[in-house]
Amino acid sequence: MLDKTFNYKDAEPRLYDAWEKSGAFKASDEAGAAPFTIVIPPPNVTGSLHMGHALNNTLQDVLSRFERMRGRSVLWQPGMDHAGIATQMVVERQLAADGNQDRRSMGRDAFIERVWEWKEESGGAIFNQLRRLGASCDWSRERFTMDDGLSKAVRKVFVQLYNEGLIYRDKRLVNWDPKFETAISDLEVENKEIDGHFWHFKYPLENGETYQFPIAFDDDGEPTEWETRDYISIATTRPETMLGDGAVAVHPSDKRYAPIVGKNCILPLADRAIPIIADEYPDPEFGSGAVKITGAHDFNDYQVARRHGIALYELLDTKANMLDTDYIPQKYRSMERFEARNAVVADIDALGLLIETEDKKIVQPFGDRSGVVIEPMLTDQWYVNAEELAKPAIAAVEQGDTQFVPENWSKTYFQWMRNIEPWCISRQLWWGHQIPAWYGPDGSVFVAETEEDAKKLASEYDPELAGLLQRDPDVLDTWFSSALWPFSTLGWPEKTDTLAKHYPTSVLVTAFDIIFFWVARMMMMGLHFRDEVPFKDVYIHALVLDEHGQKMSKSKGNVIDPLGLIDKYGADALRFTLAALAAQGRNIRLSEARVEGYRNFGTKLWNAARFCEMNECRNDPQFDPSAAALPVNKWIIHEANICSADVARELEAYRFNDAAGALYKFIWNVFCDWYLELAKPIFQGMDESVKVETRAAAAWTLDQIIKLLHPFMPFITETLWEAFGPRANALIVESWPSADERLEAPEAAADMNWVIGLVSAVRSVRQEMNVPAGAQIPASFIGDGALGDRLSKHEAVIKRLARLSAVSIADAPPKGSVQIVHEEATLALALADVIDLDAERARLDKEVEKATKEIGIIDKKLSNKNFVERAPAAVVDEQKTRRADYEAQLEKLQAAQQRLAQL
RNA sequence: GGGCGCGUAGCUCAGUGGGAGAGCACUACGUUGACAUCGUAGGGGUCACAAGUUCAAUCCUUGUCGCGCCCACCA
């Protein structure tokens with residue numbers, strides 16, 4: 001016996017365990033079944049399940065379970081990312097909290113060992129949370145970006161790209177994070193607008209020189225008034241960087257400054273003569289039109305300085321404190337950068353060289369993980385020639401080898417890929433893949449997969465060198481190893497069966513915010529090392545926002561915890577909610593009410609199953625659904641078959657919301673609302689053969705439902721599957737009910753839709769006429785013999801569902817009747833003295849008016865020559881049919897009006 | 001500056017070149033041995049605005065207004 005409600009708290013852990021133990025999640029490498037492969041977007045080892053993960057993994061699991069049931073060899077490859085910065089941060093914080101020494105005093109080896117310990121103890125909590133969600137990953141194949149195999153793949157890729165000239169070392173300006181003291185890539189920088197200042201300074205000309213500077217202009221823009229200046233005016237948002245200025249630049253066409261181009265000005269505070277140069281970079285319209293050039297700390301200035309051979313003055317150490325160096329005045333040496341800023345402004349002001357301090361919104365770069373202001377710094381780093389690797393990756397999407405879903409995201413991909421910059425991959429961290437490069441004391445570089453190989457290379461170059469090599473202390477950007485994920489997890493560089501079978505993967509499911517970080521880079525690496533795209537489809541899903549459309553964040557306090565929802569409503573409810581909301585191309589606003597609603601949906605199904613159980617609807621192996629005789633059974637089998645086709649079609653197109661919607665409608669609005677109601681009189685009736693078929697048909701349909709719903713609601717469906725057993729297989733490995741044309745029964749469907757429409761019409765009128773809900777009303781049908789046939793076939797259900805005490809065929813309605821027109825039938829409800837004639841008259845008038853109006857609209861169309869001539873014939877015919885239907889209805893309504901008038 | 005997207009019922013959102021939809025909320029009524037986590041019925045929308053294309057526009061095009069996101073070096 002089924003419990004009163006579904007006990008998900010018991011069922012979830014029990015079933016998950018059983019599935020995993022049974023090996024249902026495991027993919028076989030054997031030939032035969034067509035592969036279906038998804039690599040999980042590896043969560044950070046530090047991560048815990050948030051709503052975005054819940055959505056992402058629900059969708060992957062829906063697809064995995066769907067394809068598994070369809071008989072494909074499903075590999076949902078799980079794994080974790082070592083998350084360089086995030087993990088190092090967590091462990092350092094823990095060290096500090098425990099009062100331990102910091103990582104530098106611990107030393108590198110001890111620290112890394114500590115991180116591994118942390119990983120074993122606390123890492124990967126998210127995997128147990130994914131299990132609670134029901135994720136059917138093949139856990140036997142779990143990978144980690146720093147496990148031996150993946151580390152080997154990383155080294156191999158690095159070495160090969162280096163040998164191909166696609167990885168190189170370069171000294172250039174890089175985004176520097178002073179908190180973590182490492183370089184970061186462009187993508188890890190968030191540009192934010194903040195309230196800042198725009199300081200205007202005077203840089204005096206050398207040797208007290210002066211020039212005439214125009215201050216008023218006529219209508220043609222010609223100067224009419226001048227003042228004598230002994231300085232050039234510059235403006236800056238970062239005054240402390242002036243100590244590193246190597247020049248002042250003006251635009252070559254800027255006549256105001258033409259007299260002083262080529263002369264020197266004196267850099268205040270530093271007392272250094274720097275040239276005034278002409279360059280295309282400054283915008284004469286902006287600020288004073290003159291730009292101070294700080295080549296070592298600004299990306300634009302760096303370009304200008306290089307073009308003109310201007311000296312670069314580095315100002316900051318790795319923590320962004322001012323350097324202790326001779327070209328910086330004593331006072332500012334070792335000062336913190338913002339302290340130095342204040343000091344510089346104050347000192348310039350004291351010298352009388354501060355013209356103005358303007359309040360201004362400025363865009364500043366912040367580290368996405370550290371949250372501190374990023375400094376452009378001149379350092380040696382390793383780079384990937386992304387431009388070269390991007391070429392085939394762009395072509396692959398252009399040719400459709402990989403398709404974005406929704407397709408629109410390919411634009412985002414193209415835009416970034418076509419303007420891609422070199423990718424800085426070295427990080428000055430300890431936790432990560434150490435770069436396989438060794439340096440000789442003379443600066444020579446040897447890149448190899450192992451130290452031995454590097455030594456061999458070195459001794460070929462100089463036999464003395466081998467013993468003196470020093471390994472590059474830096475590690476690689478975490479995304480470098482993530483970029484290999486679709487093939488490294490499958491065994492590459494070994495030639496494994498798994499790799500042969502499951503690469504390229506079928507689909508990547510991810511959110512748009514990592515198209516650049518991850519998708520693009522997997523495309524580049526996959527194509528370069530496998531000569532094939534890493535995935536055929538990229539399904540980009542929405543971001544999950546709170547119910548007001550705000551991003552969830554701890555600081556806003558609007559975070560909805562998926563585990564909390566699972567506790568409260570069950571994993572199935574959460575999963576179905578996320579799938580139902582996952583419409584393409586829009587963000588998801590999640591509200592708890594929605595989850596509650598889909599929990600109710602589960603309960604509804606549960607109760608429907610209880611009803612079936614009570615009525616002894618057992619699965620009958622002898623039952624052949626294509627041979628059902630009763631219209632009601634033929635109809636529900638027909639509808640189930642349509643639902644099956646709909647769900648498969650929508651899932652194949654990644655329209656999760658439509659698939660969920662089709663199931664919801666079929667289960668609730670068709671199966672529960674009508675089929676079970678229609679079955680009730682049968683179960684209560686005396687005809688055993690009819691009962692037998694209906695029991696079998698109900699059980700069969702419930703089975704279809706359970707199968708079709710399983711990818712979305714695995715726990716409740718598996719529970720019901722067991723309850724209606726015994727079964728040969730668990731539902732998770734049961735085969736998907738493919739649509740079957742032998743199950744189509746359009747005539748039965750038309751019949752039942754007629755019954756449903758009629759019952760609905762009667763109910764509607766009863767309500768409108770204030771007929772007490774419990775009252776049994778006698779009714780007579782006015783119509784011909786065909787109607788009689790139809791009627792007698794369905795009399796029992798019509799009587800029951802419409803609450804009619806008796807049904808007869810008549811030529812005219814009895815006195816005191818309400819007349820209902822439904823298709824070819826007019827039904828008279830004998831309400832006798834209950835009826836309010838005026839109300840009935842008004843009701844019929846309204847119906848007539850409605851039909852007349854519709855006919856009018858259609859007539860207008862049909863009388864339009866252009867419409868009849870130019871619209872497709874099918875459309876015209878459709879309108880004609882509609883008109884005929886309304887016309888028939890109208891005639892019946894008018895007949896009803898007449899009859900009413902005679903009473 | 002470039003790009004993408006969104007304005008449809010009170011709310012959250014589907015959707016379509018030819019008959020405006022769902023869930024929730026709301027109103028009325030609760031009758032039937034699955035279900036009150038429910039049932040039945042109902043109200044509610046010039047599909048942001050304007051012009052154009054079309055026989056036909058909520059849907060296509062353009063523009064306007066409002067909103068969101070991504071990319072970008074204006075000191």
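Letters A, B, ... mirror the listed sequences (proteins, then strands); counts begin at 1.
Close to B:rC13, at under 4.0 Å from its OP1 or OP2, lies a side-chain N or O of A:Arg589. Taking 4.0 angstrom as the limit, A:Ser591 places none of its side-chain polar atoms (N or O) nearer than this to OP1 or OP2 of B:rC24. At the phosphate of B:rA56, neither OP1 nor OP2 sits under 4.0 Å from any side-chain N or O atom of A:Lys860. A close approach under 4.0 Å does not occur between any side-chain nitrogen or oxygen of A:Trp668 and OP1 or OP2 of B:rU37. Taking side-chain N and O atoms only, A:Arg882 has a distance below 4.0 Å to OP1 or OP2 of B:rG19. In terms of phosphate contacts, A:Lys680 brings a side-chain nitrogen or oxygen within less than 4.0 Å of OP1 or OP2 of B:rA34. Distances shown here put a side-chain N or O of A:Asn600 below 4.0 Å from the OP1 or OP2 atom of B:rC38. A:Lys665 has no side-chain polar atom (N or O) that falls below the 4.0 Å cut-off from OP1 or OP2 of B:rG21.
Side-chain proximity of A:Lys604 to B:rA75, B:rA34, B:rA72: nearest is B:rA34. With distances taken from any side-chain atom of A:Phe611 to the nucleotides B:rA14, B:rA75, B:rA34, the minimum falls on B:rA34. Counting only heavy atoms from C-beta on, A:Ala773 has its side chain closest to B:rC29 among B:rC29, B:rC70, B:rA34. Checking B:rG19, B:rA34, B:rC73 against the side-chain heavy atoms of A:Arg610 singles out B:rA34 as nearest. In this structure, of B:rA14, B:rU12, B:rA34, it is B:rA14 that holds the atom nearest to the side chain of A:Asp658. Among B:rC73, B:rA41, B:rA14, the nucleotide with an atom closest to any side-chain atom of A:Gln767 is B:rA41. Relative to the side chain of A:Asp283, the nucleotides B:rA75, B:rA14, B:rG18 differ in distance, and B:rA75 lies closest. When the nucleotides B:rC69, B:rG39, B:rG18 are ranked by their closest atom to the side chain of A:Asp673, B:rG39 comes out on top. Distances were taken from every side-chain heavy atom of A:Asn607 (C-beta onward) to each of B:rA34, B:rU32, B:rC73; the shortest belongs to B:rA34. For A:Asn191, counting side-chain heavy atoms from C-beta on, the closest listed nucleotide (B:rG18, B:rA72, B:rA75) is B:rA72.
Between A:Asn669 atom CG and B:rA41 atom P the separation is 11 Å, expressed in whole Å. Atom pair A:Glu613:CD and B:rA34:C1' shows a separation of 10 Å (rounding to whole Å applied). In this structure, CG of A:Asp186 is placed 15 Å from C1' of B:rC70, rounded to the nearest angstrom. Between the CD atom of A:Glu854 and the P atom of B:rG19 there is a distance of 9 Å, given to the nearest Å. If you take CG of A:Leu862 and P of B:rG18, they are 16 Å apart, rounded to a whole angstrom. Rounded to whole Å, the distance from CG on A:Asn587 to C1' on B:rC69 is 8 Å. Distance A:Arg307 CZ to B:rC73 C1': 12 Å, rounded to the nearest Å. Taking atom CG of A:Asp877 as the reference point, atom C1' of B:rG19 lies 16 Å away to the nearest angstrom.
On the C1' atoms, B:rA25 is 7 Å away from B:rC11, given to the nearest whole Å. B:rC26 and B:rC67 have their P atoms separated by 32 Å, given to the nearest Å. Between B:rG7 and B:rG44, the two P atoms lie 24 Å apart (nearest whole Å). With P as the reference atom, B:rA34 and B:rU40 are 14 Å apart, rounded to whole Å. A distance of about 30 Å separates the P atoms of B:rG39 and B:rU46, rounded to the whole Å. A distance of about 15 Å separates the C1' atoms of B:rC38 and B:rG33, rounded to the whole Å. Nucleotides B:rA22 and B:rG42 have their P atoms positioned 12 Å apart, rounded to a whole Å. Between B:rC47 and B:rA14, the distance separating the two C1' atoms is 13 Å to the nearest Å.
Under the Watson-Crick and G-U wobble criteria, each requiring two contacts below 3.5 Å, nucleotide B:rC38 is paired to B:rG30. The nucleotide B:rG10 finds its pairing partner in B:rC24, both defining distances of the Watson-Crick or G-U wobble pair being shorter than 3.5 Å. Of the nucleotides present, none pairs with B:rG19 by Watson-Crick or G-U wobble criteria with both distances under 3.5 Å. Judged by Watson-Crick or G-U wobble contacts below 3.5 Å, the nucleotide B:rU54 has no partner. Summarising the base pairing, B:rG44 is matched to no nucleotide, lacking a Watson-Crick or G-U wobble pair whose two defining distances lie under 3.5 Å. Nucleotide B:rG1 forms a Watson-Crick or G-U wobble pair with B:rC71, both donor-acceptor distances falling under 3.5 Å. Base pairing of B:rG63: its partner is B:rC49, meeting the Watson-Crick or G-U wobble criterion (both donor-acceptor distances under 3.5 Å).
No engagement by A:Phe299 is indicated, since no non-hydrogen atom pair under 4.0 Å with the nucleic acid exists. A:Ser764 comes within 4.0 angstrom of the backbone, heavy atoms only, and of no base. Nucleic acid contact for A:Gly289: base, since at least one base atom lies under 4.0 Å from a heavy atom of the residue. If you check every strand for non-hydrogen atoms under 4.0 Å, A:Phe516 touches sugar and phosphate atoms only. Using a 4.0 Å heavy-atom distance criterion, A:Ala608 is classed as a base contact. A:Pro282 comes within 4.0 angstrom of a base, heavy atoms only. Residue contacts shown for A:Cys672 include a base, since a base heavy atom lies under 4.0 Å away.
Defined by atom type and a distance below 3.5 Å, a donor-acceptor pair is present between the side-chain atoms of A:Lys292 and A:Thr241. For the residue pair A:Asp279 and A:His308, a side-chain donor N or O sits within less than 3.5 Å of a side-chain acceptor on the partner.
Between the base of B:rU31 and the side chain of A:Arg803 there is a donor-acceptor pair shorter than 3.5 Å.
Nearest-nucleotide positions on RNA chain B place A:Asp885 closer to the 5' end than the other of A:Asp885 and A:Glu677.
In this structure, CZ on A:Phe683 lies 6.0 Å from OG1 on A:Thr694, to the nearest 0.5 angstrom.
In this structure, A:Phe198 has its ring center under 6.0 Å from that of A:Phe286. In this structure, the ring of A:Phe715 has its center no less than 6.0 angstrom from the ring center of A:Phe6.
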(request) Take A:Glu849 and A:Thr852 through the side chain to side chain donor-acceptor pair (under 3.5 Å) test and state the conclusion after the steps. (result) CA-CA 5 Å; A:Glu849 193 191 336; A:Thr852 312; over 6 Å; no
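Taking the six-membered ring where tryptophan is involved, the planes of A:Phe512 and A:Trp409 are essentially parallel, since the angle between them stays under 30° and well short of 60°. Note on ring orientation: taking the six-membered ring where Trp is involved, the planes of A:Trp668 and A:Phe601 are parallel (angle under 30°, cut-offs 30° and 60°).
Relative to the six-membered ring of A:Phe414, A:Arg418 meets both conditions, a distance below 6.0 Å and an angle of at most 45° to the axis. By the 6.0 Å and 45° rule, A:Lys850 does not stack over the aromatic ring of A:Tyr886.
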